Amino acid sequence: MDLIARLRAGLPGEAILTDPDVTGSYANDMASFCEAGTPAVVVLPRTVEQVQHVMRTATELCVPVVPQGARTGLSGAANASDGCIVLSLVKMDRIIEINPVDRIAVVEPGVVNAVLSRAVNEHGLYYPPDPSSWEQCSIGGNIGTASGGLCCVKYGVTAEYVLGLDVVLADGRLLSCGRRTAKGVAGYDLTRLFVGSEGSLGIVVRAVLALRPEPPQQLVLAAEFPSTAAACEAVCEIMARGHAPSLLELMDRTSVRAVNAMAQMGLPDTTEALLLAAFDTPDPAADLAAVGELCTAAGATQVVPAETAAESDLLLQARRLTLTALERVKSATMIDDVCVPRSRLAEMLDGTAAIADKYDLTIGVVAHAGDGNTHPTVCFDADDPDESRRARESFDAIMALGLRLGGTITGEHGVGVLKKEWLARELGPVGLELQRGIKDVFDPLGILNPGKLF
């Protein structure tokens with residue numbers, strides 16, 4: 001019996017897609033410069049049992065399986081390999097439970113981040129992880145890549161909110177790990193192991209997520225600086241003085257000018273860096289005033305605190321428009337994701353500017369400055385082979401810079417195909433050997449998302 005026939009033995013007809021014109025549309029995520037193969041079939045299960053059937057079939061026939069969520073990723077982690085089963089989990093999109101007493105939500109992997117966030121808000125609760133693609137990205141994808149977002153400086157990343165998981169293993173067995181309780185330290189922390197594993201260890205089919213009480217409405221401050229060094233000094237002072245902003249974002253000159261060109265935001269052309277800080281504390285105005293003083297002391301030329309939620313949204317508009325604005329600069333972009341210690345943030349931004357000059361490219365940087373997580377965006381003409389080559393080389397140079405500064409090649413986008421060579425450099429030979437050993441325990445046949453991470 002062939003692959004399709006075996007899949008049909010345990011799946012409804014509508015769950016199996018074989019038309020090449022359709023399956024080809026599932027070949028890749030949103031990353032540039034990442035190879036993608038041709039899937040043999042796309043499967044869209046609705047139940048745990050259907051996922052188990054897919055994995056049993058894949059194990060019996062030794063067919064690779066590439067799990068997918070909403071395919072909004074930026075590292076090629078969801079890219080198909082030739083002859084694989086693409087296992088799309090978007091139809092498993094139920095919010096099973098929201099429990100205000102235990103402050104947890106139990107969800108399937110296809111639930112969209114924004115849908116969950118709004119649902120828990122109705123109970124006076126808050127699910128903090130908020131990737132920029134939160135209106136499209138799925139919880140399963142967020143777990144697979146250990147996603148972050150704008151609020152991470154105060155509330156942390158996805159890994160800190162995943163309490164328990166149900167995972168279908170490579171051979172079809174169902175593993176439940178983690179807990180529903182606020183505390184728990186029984187055995188090895190397998191739950192954390194799956195978070196960020198990019199579908200290479202198992203298929204997440206259910207997640208228990210921690211929730212928080214919904215915070216007060218945040219207020220935002222915008223500060224303009226004559227240099228990135230001055231803005232980064234303000235970031236360091238804000239954190240060193242013990243402030244806990246709910247958002248601390250930085251835009252460099254290139255990003256500011258791109259947004260100005262697209263949306264006529266009215267920011268001065270002399271702005272070299274724009275810092276946005278927000279507080280959702282009981283008295284955000286007082287916190288903004290204190291941070292405003294630190295910004296002024298660091299050399300800010302203008303500090304504008306919002307007084308209302310509407311004014312705050314207006315101030316954040318420039319940050320939200322950045323990627324769209326940079327995409328208008330050239331026909332293609334590559335978004336890097338290098339995280340460095342906050343104390344080295346200025347060196348990271350200045351070094352990236354030097355790389356842009358060296359390769360004669362436009363590279364705009366926005367950063368989750370409170371985390372030291374930078375997103376240099378390389379703008380290039382995809383139809384120009386020389387410019388495409390320089391773009392890829394500059395991308396690598398930025399990762400090398402981040403490692404020299406004591407950072408990591410990815411803070412929240414994951415490794416996938418795009419950065420697997422760099423992962424080996426960051427981990428070192430011993431770390432790489434141990435991680436491959438873990439992969440072999442969970443996936444001895446090597447069928448789960450092959451070609452990713454290592």
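Keep in mind the model is a prediction, meaning the values are calculated, not measured. In what follows, residues are counted from 1 in the order of the sequence shown.
Residues Leu116 and Ile95 form a side-chain contact, since some pair of their non-hydrogen atoms from C-beta on lies under 4.5 Å apart. The shortest side-chain heavy-atom distance between Arg118 and Glu122 does not fall under the 4.5 Å cut-off. Between Gln136 and Val112, every side-chain heavy-atom pair lies at or beyond the 4.5 Å cut-off. Considering only heavy atoms from C-beta on, Leu209 comes within 4.5 Å of Ile139 through its side chain. No side-chain heavy atom of Val415 sits less than 4.5 Å from a side-chain heavy atom of Ser75. Between Cys84 and Val86 the shortest side-chain heavy-atom distance falls below 4.5 Å.
The backbone N or O of Asp29 sits less than 3.5 Å from a side-chain atom of Asn79, completing a donor-acceptor pair. In this structure, the side chain of Thr374 engages the main chain of Val338 through a donor-acceptor pair within 3.5 Å. Judged by distance alone, with hydrogens and angles left aside, the side-chain atoms of Asp371 form no donor-acceptor pair with the main-chain N or O of Asn373 at under 3.5 Å. With Asp166 contributing its side chain and Val204 its backbone, the two residues share no donor-acceptor pair below 3.5 Å. Listed for the Arg342 side chain is a donor-acceptor partner under 3.5 Å among the backbone atoms of Gly370. The backbone N or O of Gly141 lies less than 3.5 Å from a partner atom in the side chain of Ser138, making a donor-acceptor pair. Within the 3.5 Å criterion, the main-chain N or O of Lys183 finds a donor-acceptor partner in the side chain of Thr181. No donor-acceptor distance shorter than 3.5 angstrom exists from the side chain of Asp93 to the backbone of Glu108, with no hydrogens or angles considered. A distance-only check finds no donor-acceptor pair linking the side chain of Arg71 to the backbone of Ala78 [under 3.5 Å]. Formation of a donor-acceptor pair under 3.5 Å by the Lys439 side chain with backbone atoms of Leu201 is not found in this model.
In the model, Ser331 has no side-chain atom that pairs as donor or acceptor with a side-chain atom of Asp383 under 3.5 Å. No side-chain donor from either of Asn142 and Trp134 sits under 3.5 Å from a side-chain acceptor of the other.
Aromatic pair Phe380/Tyr359: ring centres not closer than 6.0 Å.
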Evaluate Asp443 against Ser200 for side-chain hydrogen bond (donor to acceptor under 3.5 Å, both in side chains), listing each step before the verdict. CA-CA 8 Å; Asp443 182 22; Ser200 65; over 6 Å; no
Worked check of salt bridge (charged side-chain N to carboxylate O under 4.0 Å, His left out) between Lys419 and Glu426: CA-CA 10 Å; Lys419 297 187 174 185; Glu426 180 171 333; over 6 Å; no
I would like to know whether Asp396 and Arg392 meet salt bridge (charged side-chain N to carboxylate O under 4.0 Å, His left out); could you show each step before the answer? CA-CA 6 Å; Asp396 287 344; Arg392 181 64 212 229; 3.5 Å; yes
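Counting all heavy atoms, side chain and backbone alike, Leu405 lies closest to Arg344 at CD2-NH2, 3.3 Å.
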Taking only distance into account, with no hydrogens and no angle test, what donor-acceptor pairs under 3.5 Å do side-chain atoms of residues 282-307 form with protein atoms, sequence neighbours excluded?
unit_1 : atom_1 : unit_2 : atom_2 : d
Asp287 : OD2    : Thr281 : OG1    : 2.5
Thr296 : OG1    : Gly292 : O      : 3.0
Thr301 : OG1    : Glu224 : O      : 3.3

Using a 3.5 Å cut-off and no angle test, enumerate the donor-acceptor pairs between side-chain atoms of residues 245-255 and protein atoms at least two apart in sequence or in another chain.
unit_1 : atom_1 : unit_2 : atom_2 : d
Ser246 : OG     : Gln218 : OE1    : 2.7
Ser246 : OG     : Ala278 : O      : 3.3
Glu249 : OE1    : Arg319 : NE     : 2.8
Glu249 : OE1    : Arg319 : NH2    : 3.2
Glu249 : OE1    : His368 : ND1    : 3.1
Glu249 : OE2    : His368 : ND1    : 2.8
Asp252 : OD1    : Thr254 : N      : 3.4
Asp252 : OD1    : Ser255 : N      : 2.9
Asp252 : OD1    : Ser255 : OG     : 2.9
Asp252 : OD1    : Val365 : N      : 3.1
Asp252 : OD2    : Val365 : N      : 3.1
Arg253 : NH1    : Glu272 : OE1    : 3.4
Ser255 : OG     : Val365 : N      : 3.3
Ser255 : OG     : Val365 : O      : 3.3

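Using cut-offs of 30° and 60° on the angle between ring planes, the pair Phe442 and Phe194 is perpendicular. Relative ring orientation between His375 and His413 is described as parallel, the plane-to-plane angle staying below 30° on a 0-90° scale split at 30° and 60°.
Few gaps surround CD on Gln317; more than 12 heavy atoms of other groups in view lie less than 6.0 Å from it. For Arg389, the CZ atom counts as densely surrounded, since its 6.0 Å shell holds more than 12 non-hydrogen atoms of other residues, nucleotides or ligands. Counting non-hydrogen atoms of neighbouring residues, nucleotides and ligands closer than 6.0 angstrom, the CE atom of Met30 reaches no more than 12 such neighbours. Counting non-hydrogen atoms of neighbouring residues, nucleotides and ligands closer than 6.0 angstrom, the CD atom of Glu135 exceeds 12 such neighbours.
A cation-pi arrangement, defined by a distance under 6.0 Å to the six-membered ring centre and an angle within 45 degrees of its axis, is absent between Arg212 and Tyr155.
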